[in-house]
Each structure stands twice: as structure tokens, then as C-alpha cells.
Chemist: 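Could you have a look at this structure, given as C-alpha cells, before my questions?
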Amino acid sequence: MIMIEDIFENMEYGPALEDASVAYEWLSEHKPGFGHWIGGRWTAPTRDFRSINPANGEFLADLSQATQNEVGRATEAARSALKEWQSLSGSQRGRHLYAIARQIQKHARLFSVLETLDNGKPIRESRDIDIPLVSRHFYHHAGWASLVENEFSGSEALGVVGQIIPWNFPLLMLAWKVAPALAAGNTVVLKPAEYTSLTSLLFAEIAHRSGLPAGVLNIVTGDGEVGRFIVDQPGIDKIAFTGSTEVGREIRRTTAGSGKALTLELGGKSPFVVFSDADLDSAVEGVVDAIWFNQGEVCCAGSRLLVQESIADKFEKKLKRRMNSLRVGAPLDKAIDMGAIVDKTQLEKITNYVEIGKKEGGSCWQSDVELPNQGCFYPPTLFTGIEPSHTIACDEIFGPVLAMLVFRTHDEAVAMANNTHYGLAASVWSENINLALHVAAKLKAGVVWINSTNQFDAASGFGGYRESGFGREGGVEGLWAYRRAPADQPPDNIVMPEPRQDCISPREPSLLDKTAKMYIGGRQIRPDSGYYRSIKNKRSQLIGDIGEGNRKDIRNAVEAANLATGWSQLNGHGRAQILYFLAENLETRSKEFANRLVEFEIKNALEEVQASIDRIFWYGGWSDKYEGSIHQGPVGQMVLALPEPIGVAGLVCPDDAPLLAMVSLLCPLIAMGNTVVLIPSELCPLVATDFYQLLETSDIPPGVVNIVTGSKNLLAPVLSEHYEVDVVWMAGDKYLGKTIEELSVGNLKQTWITRGARDWFDPSISQGREFLRRATQVKNLWVPYGE
Ligand code: NDP
């Protein structure tokens with residue numbers, strides 16, 4: 001007798017191919033091939049390269065390689081369209097985005113089939129994940145477009161945005177870039193990846209048909225060279241890039257000093273941590289989703305599986321059993337789990353990594369799956385018996401290869417999870433919510449999923465820490481990446497307050513001999529060089545001597561800042577109390593500080609001290625109020641968007657308003673829990689060396705603020721290339737700003753270089769949420785709830 005359960009075990013899958021005719025019809029309508037989409041029309045196709053279906057090698061379309069001139073024309077079209085686009089009300093722009101979202105839904109089958117043909121991903125994923133997320137993104141941002149005028153008042157759109165996207169989620173990456181850019185009032189020049197341009201071109205055509213004004217969106221196709229043209233193009237105000245860390249570095253270097261805004265969404269080697277009390281069957285399904293979704297070609301793929309030792313064997317067995325049931329094959333088959341790798345170059349790269357893994361001593365296990373005999377396919381692969389230092393445990397492979405490692409304690413799990421240059425995402429599995437949240441808080445990653453993985457939503461930001469890049473896509477923080485906060489440049493007609501120096505006494509000549517030290521790790525330290533420099537005022541009067549800091553002093557200061565980790569763990573209330581105390585102490589010694597400023601011929605000295613006290617108070621007020629938000633994620637998920645400190649900040653202070661500028665930049669950083677290495681004004685450094693006496697008496701823990709005096713040109717580059725500095729801010733000097741940006745590429749640290757001089761007295765431009773936003777990075781923590 002045949003039992004039903006036997007049938008379930010033995011039943012063969014029949015083919016369940018999605019009908020692709022709609023996509024072939026669209027392709028045949030563009031038979032001579034595709035040109036670029038510039039200013040609302042096609043350019044003549046030049047048929048420079050071909051789009052190929054990686055599942056079977058089939059030719060799909062001829063495409064054109066954009067020239068520098070064509071990128072220039074696309075930029076001009078975007079610039080010309082800017083005026084009309086920005087003259088629309090937010091609500092009118094919103095209607096355009098809404099129309100696009102509707103059109104995507106109406107053409108969902110065409111988009112998903114075309115995406116699968118071009119990229120090789122399973123239709124199940126393009127149909128049920130990519131395309132629905134694309135329309136969700138445009139709906140969400142249609143709403144934002146109509147809210148921007150009120151919710152982002154006081155800021156402006158950046159202008160023309162150059163966007164460069166990869167091949168792994170071609171249309172979804174376009175949506176993540178185009179929707180917020182347009183909602184925020186910008187126009188766009190976008191380059192899709194060479195392997196996967198087709199859905200971007202279809203999108204351009206459909207957006208045009210939906211009424212999007214000509215020039216608002218321009219698409220140029222071609223290889224990395226076209227990406228370079230966009231990056232170099234003078235008329236572009238911002239570059240938004242998703243792709244490899246290597247190219248991200250190149251773009252950072254090239255845009256240094258250009259004034260172009262930049263966001264980078266780069267690679268990852270994300271940990272997937274399974275504790276012994278996890279629901280193991282769910283965790284196995286999680287792993288399948290983490291590393292075999294989209295063939296593992298996912299920047300946030302959970303490619304490092306960390307399993308607690310006590311359950312490691314059991315988990316490995318369950319996982320292998322599940323791997324054997326995964327089906328790899330024709331991407332258009334609706335019952336396929338994994339489709340084709342995007343191209344044979346990527347397939348070779350994966351194969352090479354697997355060989356390296358074997359050579360380094362790892363044990364490689366591949367599921368017993370039948371692969372199609374043509375096309376770019378690779379089986380689900382698991383490596384065990386490897387060390388954290390092995391290449392396959394460190395490098396982003398971007399394929400279906402999982403590296404499994406074992407940990408014993410909770411602390412070891414955190415240490416191993418954070419043992420990477422990247423910091424894009426992480427997944428934590430435990431039935432103990434206390435443990436899961438405890439670990440999630442310690443992970444250095446922009447997104448953490450608890451008992452889930454690869455969840456995305458337009459309302460929640462996505463983006464990395466460390467070498468996974470900076471900036472967020474999605475959520476309100478993603479929109480800020482397309483707006484400019486109040487202009488950095490002060491207006492020409494700043495009226496400075498009249499000097500009031502009635503209570504200022506002349507300096508005691510005996511103070512001349514006092515030599516100011518540096519301040520590192522809470523101690524007053526002599527410079528490593530043993531050299532000092534004399535500080536004079538504008539009339540060449542000698543005011544005092546300061547230490548000539550060098551490379552070693554910066555290294556010591558960074559080390560001290562790194563050790564002061566308790567500061568970030570202190571709650572906002574605690575930090576507020578300390579900032580209030582600092583303000584109080586400055587007030588007590590306000591005349592002394594004003595006298596110091598007067599020595600340097602600074603006219604409105606008393607006002608500057610008073611404004612500094614107010615500013616410290618203001619950031620003290622924000623210490624326990626600049627909080628995150630909770631997004632309602634997809635059903636059963638809430639997303640906690642938590643602003644976290646970035647880490648160790650390098651701060652290069654300007655010469656104008658030396659006390660007020662220093663306080664204006666330092667206070668938001670420490671209020672948000674960062675520790676700081678500060679290079680004070682070179683002209684008036686004594687104000688900073690006086691200031692450390694306040695730090696000492698205001699309960700600021702050692703190492704939270706470190707002050708190294710000396711030459712900015714010498715010290716700022718050392719800070720900028722230091723691997724343990726996470727962010728550098730500098731105000732004023734655009735030439736030094738270029739150097740800082742160039743040197744930041746090593747660990748891809750964030751930088752904030754403000755243009756020219758600014759009126760530090762004007763709170764509307766020199767104090768505000770912009771400073772707090774830049775002093776933090778948002779971690780999005782996905783927490784499931786319900787039964
Ligand atoms: P790249 O970083 O090379 O490509 C991303 C995009 O940038 C593509 O549109 C590419 O064009 C373009 N590009 C390439 N070189 C330059 C350049 N010098 N200046 C400007 N733009 C450029 O990634 P790949 O596609 O080559 O993939 C390589 C590796 O990168 C993958 O194996 C994976 O590790 C990682 N990656 C990470 C992604 C992520 O989401 N974090 C996404 C994709 C890849 P074109 O493709 O046409 O050459």
C-alpha cells in the first residue's frame with residue numbers, strides 16, 4: 001500500500017516555469033538594442049556590450065557604453081530639470097512617486113521576469129521579494145516627498161545626484177537610491193551594473209510614461225569606467241554608491257576635496273550567531289535565508305555562522321540535512337531555491353575562494369544537489385574546521401559559501417562576531433530575549449536581526465559601520481542623506497556684536513612663562529618630541545608656549561580615547577550632568593577665559609565665553625533626549641532605530657572663535673557618547689589647554705577628551721589615517737579637508753569637513769540636530785514579537 005508520507009518523501013518536482021513572454025516581447029520592441037536614457041528620451045544605441053542570461057548563456061539585449069560626453073549630457077539634463085522639479089510642491093512630487101509605485105505594481109510580472117532573466121535570481125525571489133519591496137519603497141517615499149517641506153524645514157535638496165549600483169538586486173538598489181533622492185527634491189544620473197542594466201532601462205521608460213518630467217531621472221549604461229565618469233563629473237553634487245569596498249575606497253579618494261557629498265554602502269561579512277538556547281529548527285531556516293537567498297550574492301549575507309559549542313554538532317547535522325533539500329536550477333522555475341550566479345567571472349571568484357578554503361585546511365561540504373549542465377550554477381557550500389583568520393572567514397565571497405565557527409561563551413561570541421573590518425549586519429538567535437538584546441547592543445553592525453534575518457523595509461534605515469561604509473538608505477536617516485542642512489557658509493553680512501570688555505583685567509606678566517602641556521588620558525603630558533612652540537598674538541606679543549605634538553602623541557591620545565569605553569555606556573542623564581557641570585565651571589571662570597581671548601585680540605571675548613556656556617548647556621540638554629525611534633516593520637517585527645556613538649572622533653578645530661567653535665564641535669560628540677582626540681586652534685591653542693583644567697574638575701572621565709597641540713597640517717593627517725579613529729570632523733580649511741578625506745580611506749572613516757568660515761555665534765547654523773546626527777550612527781535592531 002502506498003502511504004501518503006512516502007509520497008511526500010519520494011515525489012519528484014515537476015517543472016513549474018514562469019511564463020517569460022512578456023519580457024521577451026519588451027526586449028524585442030527594443031531590438032536594435034538600448035541607448036542611454038537622457039533628458040526623457042533614448043540616445044541611439046551603439047551596441048558596445050551584451051546582456052546575457054547567466055542561467056543558460058542566452059543573449060538578451062545589446063547595450064551601449066556611455067562616453068564621458070554622454071555622462072556630461074546626462075548631468076546637464078539633470079541640472080536643467082532641477083528647477084522645474086524643485087518648483088513643484090512636495091505633494092506634487094509625491095504624486096509622481098506614487099504614480100511610479102503604481103506602475104511598478106501594474107508591471108510587476110514584467111519587472112520580475114526581466115530581473116530573473118538578466119540576473120539569474122529565482123523568480124520566487126524577484127516576484128515575492130524584490131519587486132514588492134521596490135513598490136513599497138516608492139510608496140513610502142511618495143509620502144515623504146509631501147512631508148519634506150515641513151519635516152525637513154531649514155534644509156535644502158543637494159542638487160544633482162550621481163548614483164552607481166551593483167548587480168545583486170538591480171531594481172531594488174535603484175529604488176533605494178532613486179526614491180529618496182527624488183522625494184528629497186534632487187534629480188538623478190544613475191548607472192546600473194554592466195551585467196544587469198535591463199530593469200533600470202525598463203524603469204526609466206515606465207517612469208517617463210507615468211509622467212515624470214524629462215531630465216529628472218537619467219540612466220547611463222556601461223562598465224566601471226562610466227562609474228568613474230560620474231564620480232569625476234563636475235556638475236554632480238553627491239555620489240551615492242553601492243558595491244565593493246575596494247571601489248568605495250577609490251570613490252572616497254577621488255571625491256576628496258571636491259565638496260561632493262558621499263554615501264557608501266559596501267560589503268560585509270556578517271555574523272549569524274546561534275546560542276545553545278535557540279530554536280534550532282528556526283535557526284536552520286534562518287541560515288538558509290541568510291546565505292542561500294539570492295545565491296549568497298547579498299551584501300548583508302550571514303556568511304559567518306557562529307554556533308555555541310554545546311550544540312554545534314547537532315546544528316551542523318540539521319543544517320546539512322536541510323542543505324540536501326535545497327533545489328538549484330532554472331531561475332524561472334517557481335519551485336527553485338537557488339538560481340544562477342550572475343556571471344562566470346563571479347562563479348570563478350567563488351570557486352577560487354572555495355579552493356583557498358580547502359588549501360588552508362577547512363573541511364568543505366557541498367549539498368548533494370544536481371546542477372544544470374549549462375549556466376553559472378554553484379551548490380550550497382559549508383566550511384567547518386576553520387579558524388577565524390582563514391581567508392574564507394574574513395573575505396566577502398559574495399556566493400553561496402558559509403563558514404562555520406564555534407564559540408564557547410557569550411563574550412567570545414561577541415568578540416568573534418566583531419572580529420571583522422566590516423560592520424554591515426548581524427543576526428542573533430536565542431530564545432532568551434535578554435541575552436539576544438544584550439549581544440545585539442554589543443555588535444558593531446548597522447543592522448541587527450534577532451531570531452530573523454534579511455528583513456528589509458523602506459521605513460527602516462540600512463547601512464554599515466566601519467568598512468561597510470557610511471550613510472543609511474531607507475528611513476528618515478536615509479532622506480537626510482539627500483538633504484543639506486543649513487548652509488555651512490555664513491552670509492556675507494554677519495554683524496558681530498560690539499565688544500564688551502568692561503570686566504577684563506590686564507594679563508599678569510608672570511603668566512608668560514607658563515608652558516601648557518597636552519592632555520591625554522586625563523593627565524597633563526609633555527610632548528613626546530620634547531619641543532615647544534611659542535604662541536604670539538596678532539601684534540607679535542608672546543602669550544605662552546605649547547607642546548609641539550607629533551605622531552606618537554596622536555597615537556597615545558587615540559589609545560586613551562579607545563580605552564575610555566565606559567563613556568559610551570554611561571546613560572544620557574549621566575553625560576548631561578557632566579556637561580552641566582562643565583558649563584558651570586566655565587561660568588565660574590568666565591572672566592579668566594575672556595581674558596585669554598583678549599590676549600589674542602579677540603574682540604567679543606565675553607560674548608564668546610557666554611555663548612560657549614550656553615552651547616555646553618544646550619548639548620547637555622540633548623544628551624538624554626536625542627533618542628531613537630521605533631518603526632513598525634513587516635508583520636510581527638518592530639524595528640528599534642537607535643542612534644549610537646560612532647566611536648573615537650578626531651576633531652580639528654578652526655581658528656575663528658577658538659573657544660566657541662571648539663565647544664560647538666566637541667560637545668555634540670561627547671554628548672552622544674563618543675570619545676575625542678582634539679587638535680585645537682593653532683593660532684589660539686591656549687584656550688584649549690586652559691579648558692582641560694575644566695575637564696579635570698568637571699568629572700569628565702580620563703580619555704574622553706584628549707588634547708594634542710601643534711601643527712594641524714602635521715597632526716590632522718595622522719588622525720585621518722589612524723585605523724582606530726572612526727570619524728574626523730574639521731571646520732574651515734578646505735585644503736586640509738581634502739587631505740583628511742583622502743587619508744580617511746584606510747578604514748573608510750566618516751568625515752565631516754565644513755566649508756569655509758562659519759558664524760559660530762549663530763545657533764541656527766552652528767548648533768543643532770545636524771551636529772547630533774553627524775555624531776551618531778543609527779543601528780536598526782529588528783525584534784520579532786507575537787506568538
Ligand atoms: P563593484 O564595486 O566593482 O561594482 C559596483 C558598481 O560600481 C557597478 O555598477 C560597477 O560597474 C561600478 N564600478 C566599478 N568600478 C568603478 C569605479 N572605479 N568607479 C565607479 N564605479 C565603478 O562590484 P562588482 O560588481 O565588481 O563586484 C565585486 C565584488 O563587490 C563582489 O564580489 C562583492 O564582494 C562586492 N559587491 C558588494 C555589493 C554590496 O551590495 N555591498 C554589491 C556588489 C558587489 P560595473 O559592474 O558595470 O563594472
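As the structure lists them, so they are numbered: ligands from 1, and atoms in each ligand from 1.
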Chemist: Specify the protein heavy atom at minimum distance from atom 18 (N) of ligand 1: its residue, its atom name, and the distance to 0.1 Å.
Modeler: E250 OE2, 3.1 Å
Chemist: Main chain of D48, side chain of T46: is a donor-acceptor contact present, judged purely on distance under 3.5 Å?
Modeler: no
Chemist: How close does the nearest protein non-hydrogen atom get to atom 36 (N) of ligand 1, and which residue and atom is it?
Modeler: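 The closest one turns out to be F398 CZ, 3.7 Å.
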Chemist: Would you indicate whether H30, at its atom NE2, is surrounded by more than 12 heavy atoms from other residues, nucleotides or ligands within a distance under 6.0 Å?
Modeler: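 Check passes, neighbour count above 12.
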Chemist: Restricting to salt bridge (Lys or Arg N to Asp or Glu O under 4.0 Å), what partner residues turn up for D726, sequence neighbours left out?
Modeler: none
Chemist: What is the ring orientation for F398 with W167, classed by angle as parallel under 30°, tilted 30 to 60°, or perpendicular over 60°?
Modeler: perpendicular
Chemist: Which residue holds the protein heavy atom closest to atom 40 (O) of ligand 1, what is that atom called, and what is the gap in Å?
Modeler: C299 CB, 3.2 Å
Chemist: With a 4.0 Å cut-off on heavy atoms, does Y195 reach ligand 1?
Modeler: no
Chemist: Please list the nearest protein heavy atom to atom 21 (N) of ligand 1 with its residue and the distance rounded to 0.1 Å.
Modeler: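 Answer, as residue, atom name and distance: G227 CA, 3.5 Å.
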Chemist: Can you name the atoms of ligand 1, numbered from 1 with element, that are less than 4.0 Å from a heavy atom of G267?
Modeler: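 Selected atoms, number and element: 41 (N).
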Chemist: So is E396 polar-close to ligand 1, meaning N/O to N/O under 3.5 Å?
Modeler: yes
Chemist: Of all the non-hydrogen atoms in the protein, which one sits nearest to atom 25 (O) of ligand 1, and at what distance?
Modeler: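 Protein heavy atom at minimum distance: W167 NE1, 2.6 Å.
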Chemist: Nearest protein heavy atom to atom 43 (C) of ligand 1, by residue and atom, and its distance?
Modeler: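 Looking only at protein heavy atoms, the one closest to atom 43 (C) of ligand 1 is P166 CB, 3.3 Å.
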Chemist: Look only at interatomic distance and state if L266 has a nitrogen or oxygen under 3.5 Å from any nitrogen or oxygen of ligand 1.
Modeler: yes
Chemist: If the test is side chain to side chain contact (heavy atoms under 4.5 Å, CB included), which one of V342, L114, D343, T199 qualifies with N119?
Modeler: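 Checked V342, L114, D343, T199 against N119; only one passes side chain to side chain contact (heavy atoms under 4.5 Å, CB included): V342.
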Chemist: Looking at T116 and K121, would you say the former's side chain and the latter's main chain have a donor-acceptor pair under 3.5 Å?
Modeler: yes
Chemist: Extract all donor-acceptor atom pairs below 3.5 Å that involve side chains of residues 462-472 and protein atoms in other chains or at least two apart in sequence.
Modeler:
residue: Y465; atom: OH; partner: E644; partner atom: OE1; Å: 2.7
residue: R466; atom: NE; partner: Y422; partner atom: O; Å: 3.3
residue: R466; atom: NH2; partner: N418; partner atom: O; Å: 2.8
residue: R466; atom: NH2; partner: T420; partner atom: O; Å: 3.0
residue: R466; atom: NH2; partner: Y422; partner atom: O; Å: 3.4
residue: E467; atom: OE1; partner: R249; partner atom: NH2; Å: 2.7
residue: S468; atom: OG; partner: G267; partner atom: O; Å: 2.7
residue: S468; atom: OG; partner: G423; partner atom: N; Å: 2.9
residue: S468; atom: OG; partner: L424; partner atom: N; Å: 3.2
residue: R472; atom: NE; partner: V778; partner atom: O; Å: 3.0
residue: R472; atom: NH1; partner: G464; partner atom: O; Å: 3.1
residue: R472; atom: NH2; partner: V778; partner atom: O; Å: 3.0

Chemist: Give a yes/no verdict on whether any heavy atom in E225 is under 4.0 Å from an atom of ligand 1.
Modeler: no
Chemist: Below 4.0 Å from any atom of ligand 1, is there a heavy atom belonging to M173?
Modeler: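 M173 does not count as a contact of ligand 1 under the 4.0 Å cut-off.
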Chemist: Identify, by atom number and element, the atoms of ligand 1 in contact range of A193, meaning under 4.0 Å from any of its heavy atoms.
Modeler: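 The list of qualifying atoms is 9 (O), 46 (O), 47 (O).
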Chemist: Say whether, by atom type as modelled, one donor and one acceptor occur between the side chain of D237 and the main chain of V160 under 3.5 angstrom.
Modeler: yes
Chemist: Looking only at distances, can you tell me whether any N or O atom of G222, backbone or side chain, sits closer than 3.5 Å to an N or O atom of ligand 1?
Modeler: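 Yes; the residue has a nitrogen or oxygen that sits under 3.5 Å from a nitrogen or oxygen of the ligand.
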Chemist: Does R304 offer a backbone N or O that forms a donor-acceptor pair with the side chain of K269 under 3.5 Å?
Modeler: no
Chemist: What part of K349, side chain from CB on, backbone N/CA/C/O, both or neither, has a heavy atom under 4.0 Å from ligand 1?
Modeler: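 For K349, only side-chain atoms sit under 4.0 Å from ligand 1.
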Chemist: Please state which protein non-hydrogen atom is closest to atom 8 (C) of ligand 1 and give its distance, to 0.1 Å?
Modeler: I165 O, 3.4 Å
Chemist: Within 4.0 Å of atom 2 (O) of ligand 1 (strictly less), any protein heavy atom?
Modeler: yes
Chemist: Just checking K344: does its NZ atom have more than 12 heavy atoms from other residues, nucleotides or ligands closer to it than 6.0 angstrom?
Modeler: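 Check fails, neighbour count at 12 or below.
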Chemist: One residue to check: I230. Relative to ligand 1, which of side chain, backbone, both or neither has a non-hydrogen atom less than 4.0 Å away?
Modeler: neither
Chemist: Would one find an N or O of G224, backbone or side chain, under 3.5 Å from an N or O of ligand 1?
Modeler: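 In this structure, G224 places an N or O atom under 3.5 Å from an N or O of ligand 1.
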Chemist: Might you point out which heavy atoms bring G461 and N780 nearest each other, and give the distance in Å?
Modeler: O-ND2, 2.9 Å
Chemist: Where on I164 is there a heavy atom closer than 4.0 Å to ligand 1, on the side chain, on the backbone, on both, or on neither?
Modeler: side chain
Chemist: Evaluate side-chain hydrogen bond (donor to acceptor under 3.5 Å, both in side chains) for T391 paired with E360, printing each intermediate quantity in order.
Modeler: CA-CA 8 Å; T391 308; E360 288 182 357; 2.5 Å; yes
Chemist: Would you say ligand 1 has an N or O under 3.5 Å from any N or O of E194?
Modeler: yes
Chemist: What residue and atom, counting heavy atoms only, is the protein's closest point to atom 11 (O) of ligand 1, and at what distance?
Modeler: K191 NZ, 2.9 Å
Chemist: Say whether D289 and T453, considering side chains only, have a donor N or O and an acceptor N or O under 3.5 Å apart.
Modeler: no
Chemist: Taking the non-hydrogen atoms of G248, is any one of them nearer than 4.0 angstrom to ligand 1?
Modeler: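 The answer is no: ligand 1 sits nowhere under 4.0 Å from a heavy atom of G248.
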